[in-house]
Amino acid sequence: MKKNINIIIMGPQGSGKGTQARLLAEKFDLQIFETGNVLREIANQDNEIGRKINDIINVRGQFVPWDIMKKEVFDWGFDRLDKEKGIIFDGTPRIMKEIEYWNEKLPSIGKKIDYIFYIDISKEESVKRISSRKLCKKNAHPLIVGKDLSEDEAKCPICGSEVYRRQDDTPEKVLNRLQWNEENMKPVIEYYDQKKMITRIHGEKSIEEINEEILGYIK
Ligand SMILES: [Zn+2]
């Protein structure tokens with residue numbers, strides 16, 4: 001069912017927002033604007049910007065400054081968007097600068113945000129989920145060790161590609177990111193709350209239950 005709608009999916013690390021974004025993208029034929037994957041791809045490049053971003057996100061576990069993000073991730077990604085298709089935003093906006101960016105860019109291609117879903121899980125649950133997670137190389141399927149695969153299993157049970165643990169998925173780095181999120185996301189949440197745009201979804205349920213709840217809100 002093709003739908004030309006634009007959705008923001010928010011939530012702490014490990015809330016499963018990436019999975020929900022993929023399900024919605026499949027259902028409504030939407031494209032995903034995801035900042036994390038682009039950043040990790042750049043961080044793997046053996047050049048100046050690659051080493052710089054690798055140092056920030058993988059070594060120090062910090063967030064990339066907006067001026068670098070804007071140029072390397074946002075402008076880069078925006079130029080590649082299919083302007084005829086709806087968009088799911090996963091991992092943006094996280095700061096006011098990103099809201100300003102989208103407030104300017106979306107109208108320029110005749111788009112606006114139609115829905116915002118915030119998938120909520122506790123801090124404890126977030127740390128627990130992320131530090132016991134692996135991803136597969138081909139599709140970034142999130143896999144919980146002990147549930148979706150055993151500790152020594154090397155292949156994704158969904159697509160068969162190799163699995164790995166992200167360097168920045170240690171409990172300390174997850175806590176760092178949660179801290180950052182809380183501080184920096186506050187104005188973003190407040191901004192959209194004032195506009196009554198956010199629908200909160202309890203995230204400590206199954207993937208299917210969360211997906212069904214979200215679909216119930218989309219007209
Ligand atoms: Zn996979």
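It should be emphasised that the depicted structure is a prediction, and the values quoted were computed from it without experimental measurement. Basis for what follows: all heavy atoms, side chains included, without hydrogens, waters or symmetry-related copies.
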Asks: Nearest 0.5 angstrom please: Lys3 NZ to Lys85 NZ, how far?
Replies: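 One gets 16.0 Å once the value is rounded to the nearest 0.5 Å.
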
Asks: If you look at every heavy atom in Leu178 and Ser126, which pair is closest and at what distance?
Replies: CD2-OG, 3.5 Å

Asks: I would like to know whether Thr170 and Lys173 meet side-chain contact (heavy atoms from CB on, under 4.5 Å); could you show each step before the answer?
Replies: CA-CA 5 Å; Thr170 63; Lys173 284 183 180 170; 3.5 Å; yes

Asks: Could you go step by step and tell me if Ile198 and Ile8 meet the side-chain contact (heavy atoms from CB on, under 4.5 Å) rule?
Replies: CA-CA 9 Å; Ile198 302 182; Ile8 296 173; over 6 Å; no

Asks: With sequence neighbours left out, which residue pairs that include part of residues 139-188 fulfil the ring-ring contact (aromatic ring centres under 6.0 Å, His included) condition?
Replies: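 Listed by first then second residue: Phe63-Trp180.
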
Asks: Any side-chain heavy atom of Lys52 sitting closer than 4.5 Å to one from Ile68?
Replies: yes

Asks: Does Lys219 have more than 12 heavy atoms from other residues, nucleotides or ligands lying within 6.0 Å of its NZ?
Replies: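 Count not over threshold, so no.
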
Asks: Please check this pair: side chain of Asn6 against backbone of Tyr115, looking for a donor-acceptor N/O pair closer than 3.5 Å.
Replies: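 Flag not set: sc Asn6 to bb Tyr115 has no pair under 3.5 Å.
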
Asks: Considering residues, nucleotides and ligands other than Gln45, do more than 12 of their heavy atoms fall under 6.0 Å from its CD?
Replies: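 Yes.
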
Asks: With a 4.5 Å heavy-atom cut-off, do Val188 and Met10 have their side chains touching?
Replies: yes

Asks: So, Tyr192 side chain and Pro187 main chain: donor-acceptor pair closer than 3.5 Å or not?
Replies: no

Asks: Nearest 0.5 Å, what's the CG-CD distance between Leu23 and Glu212?
Replies: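 Separation between the atoms: 11.5 Å.
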
Asks: In a check of side-chain hydrogen bond (donor to acceptor under 3.5 Å, both in side chains) between Asp169 and each of Arg177, Lys134, Gln13, which one passes?
Replies: Arg177

Asks: Let me check something: do Ile99 and Leu81 share a hydrophobic cluster, defined by ILVMFWY side-chain heavy atoms less than 4.5 Å apart, either directly or through other members?
Replies: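 Linked, Ile99 and Leu81 end up in one cluster.
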
Asks: Can you confirm whether Cys156 sits close enough to Asn139 that some side-chain heavy atom of one is under 4.5 Å from a side-chain heavy atom of the other?
Replies: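 Not touching, per the 4.5 Å side-chain cut-off.
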
Asks: May I ask whether Ile56 and Trp66 are part of the same hydrophobic cluster, defined by side-chain heavy atoms of I, L, V, M, F, W, Y residues being less than 4.5 angstrom apart, directly or through others?
Replies: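 As far as the 4.5 Å side-chain criterion goes, Trp66 and Ile56 are connected within one cluster.
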
Asks: Going by atom types only, do Ser206 and Glu209 share a side-chain donor-acceptor pair under 3.5 Å?
Replies: yes

Asks: Verify, without hydrogens or angle tests, whether Ser161 (side chain) and Lys138 (backbone) share a donor-acceptor contact under 3.5 angstrom.
Replies: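 The answer is yes, because a donor-acceptor pair under 3.5 Å joins these two groups.
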
Asks: What distance do Glu190 atom CD and Gln194 atom CD have between them, rounded to the nearest 0.5 Å?
Replies: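 Interatomic distance, Glu190 CD to Gln194 CD, rounded to 0.5 Å: 7.0 Å.
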
Asks: Would you say Asp67 and Lys70 make side-chain contact, with heavy atoms under 4.5 Å?
Replies: no

Asks: Are Trp76 and Leu106 co-members of a hydrophobic cluster defined by side-chain heavy atoms under 4.5 Å apart?
Replies: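 Yes, one cluster joins them.
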
Asks: Tell me which donor-acceptor pairs under 3.5 Å the side chains of residues 87-95 have, and how far apart each pair is, sequence neighbours excluded?
Replies:
| residue | atom | partner | partner atom | Å |
| --- | --- | --- | --- | --- |
| Asp90 | OD1 | Lys17 | NZ | 3.2 |
| Thr92 | OG1 | Glu98 | OE1 | 2.8 |
| Thr92 | OG1 | Trp102 | NE1 | 3.0 |

Asks: Are Phe78 and Val73 in one and the same hydrophobic cluster, where Ile, Leu, Val, Met, Phe, Trp and Tyr link if side-chain heavy atoms are under 4.5 Å apart?
Replies: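 Per the 4.5 Å side-chain linkage, Phe78 and Val73 are co-clustered.
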
Asks: How long is the gap from CD1 on Ile57 to CZ on Arg166, to the nearest 0.5 Å?
Replies: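 With rounding to 0.5 Å, CD1 (Ile57) is 8.0 Å from CZ (Arg166).
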
Asks: Answer yes or no: does atom NZ of Lys71 have more than 12 heavy-atom neighbours from other residues, nucleotides or ligands under 6.0 Å?
Replies: no

Asks: Between Asp193 and Lys195, does any side-chain N to carboxylate O distance fall below 4.0 Å?
Replies: no

Asks: I'd like to know if the side chain of Glu182 reaches the main chain of Gln179, judged simply by a donor and an acceptor atom lying under 3.5 Å from each other, with no hydrogens or angles considered.
Replies: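 Not at all, since once roles are kept as given, no pair shorter than 3.5 Å links the two residues.
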
Asks: Honestly curious: do Phe28 and Phe33 fall in one hydrophobic cluster under the side-chain, below-4.5 Å linking rule?
Replies: no

Asks: Drop me the distance from Ile53's CD1 to Asn47's CG, to the nearest 0.5 angstrom.
Replies: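 CG of Asn47 is found 9.0 Å from CD1 of Ile53.
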
Asks: What pair of heavy atoms forms the shortest contact from Pro157 to Asp148, and how long is it?
Replies: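 Looks like CG-O, 3.5 Å.
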
Asks: Is the closest side-chain donor-acceptor distance between Asn54 and Arg51 under 3.5 Å?
Replies: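 There is no such pair (donor and acceptor under 3.5 Å, judged by atom type) between the side chains of Asn54 and Arg51.
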
Asks: Can you see which heavy atom on Phe117 is nearest to which on Ile214, and at what distance?
Replies: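 Closest approach of Phe117 to Ile214, heavy atoms only: CE1-CG2, 3.6 Å.
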
Asks: Could you please spell out the steps behind the side-chain contact (heavy atoms from CB on, under 4.5 Å) verdict for Asp114 and Ile7?
Replies: CA-CA 6 Å; Asp114 298 295; Ile7 304 171; 5.7 Å; no

Asks: Any non-hydrogen side-chain atom of Asn184 less than 4.5 Å from a side-chain atom of Met96?
Replies: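 They are not in side-chain contact.
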
Asks: Assess whether side-chain contact (heavy atoms from CB on, under 4.5 Å) is satisfied between Glu213 and Lys205, documenting all intermediate values.
Replies: CA-CA 11 Å; Glu213 193 177 333; Lys205 295 188 294 190; 2.3 Å; yes

Asks: Return the CG to NZ distance between Asp79 and Lys83, rounded to the nearest 0.5 Å.
Replies: 6.0 Å

Asks: For the residue pair Ile144 and Leu149, establish whether any side-chain heavy-atom pair is separated by less than 4.5 Å.
Replies: no

Asks: Identify the two heavy atoms, one from Gln20 and one from Ile9, that lie closest to each other, and give their separation to 0.1 Å.
Replies: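 Answer, listing the atom of Gln20 first, then Ile9: CB-CD1, 4.4 Å.
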
Asks: With sequence neighbours excluded, what pairs up with Asp55 under the side-chain hydrogen bond (donor to acceptor under 3.5 Å, both in side chains) test?
Replies: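 So Asp55 forms a side-chain hydrogen bond (donor to acceptor under 3.5 Å, both in side chains) with Arg60.
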
Asks: Do Asp120 and Glu204 come within less than 4.5 Å of each other through their side chains, counting heavy atoms only?
Replies: no

Asks: Is there a donor-acceptor contact under 3.5 Å from the side chain of Ser132 to the main chain of Lys128?
Replies: yes

Asks: Should the pair Arg129-Glu125 be classified as a salt bridge under the 4.0 Å nitrogen-to-oxygen rule?
Replies: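 Salt bridge flag = yes for Glu125 with Arg129.
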
Asks: Regarding Asp75 and Tyr101, is there a side-chain donor-to-acceptor distance under 3.5 Å anywhere?
Replies: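 A donor-acceptor contact under 3.5 Å links the two side chains.
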
Asks: Minimum heavy-atom separation for Val163 and Glu153, please, with both atom names.
Replies: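 Minimum heavy-atom contact is CG2-O, 3.5 Å.
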
Asks: Search all heavy atoms of Leu30 against all heavy atoms of Ile5 and return the closest pair with its distance.
Replies: CD2-O, 3.5 Å

Asks: Quick one, Thr19 and Ile210 - any side-chain contact, counting heavy atoms below 4.5 Å?
Replies: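 When only atoms from C-beta onward are counted, Ile210 and Thr19 do not touch, as no gap falls below 4.5 Å.
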
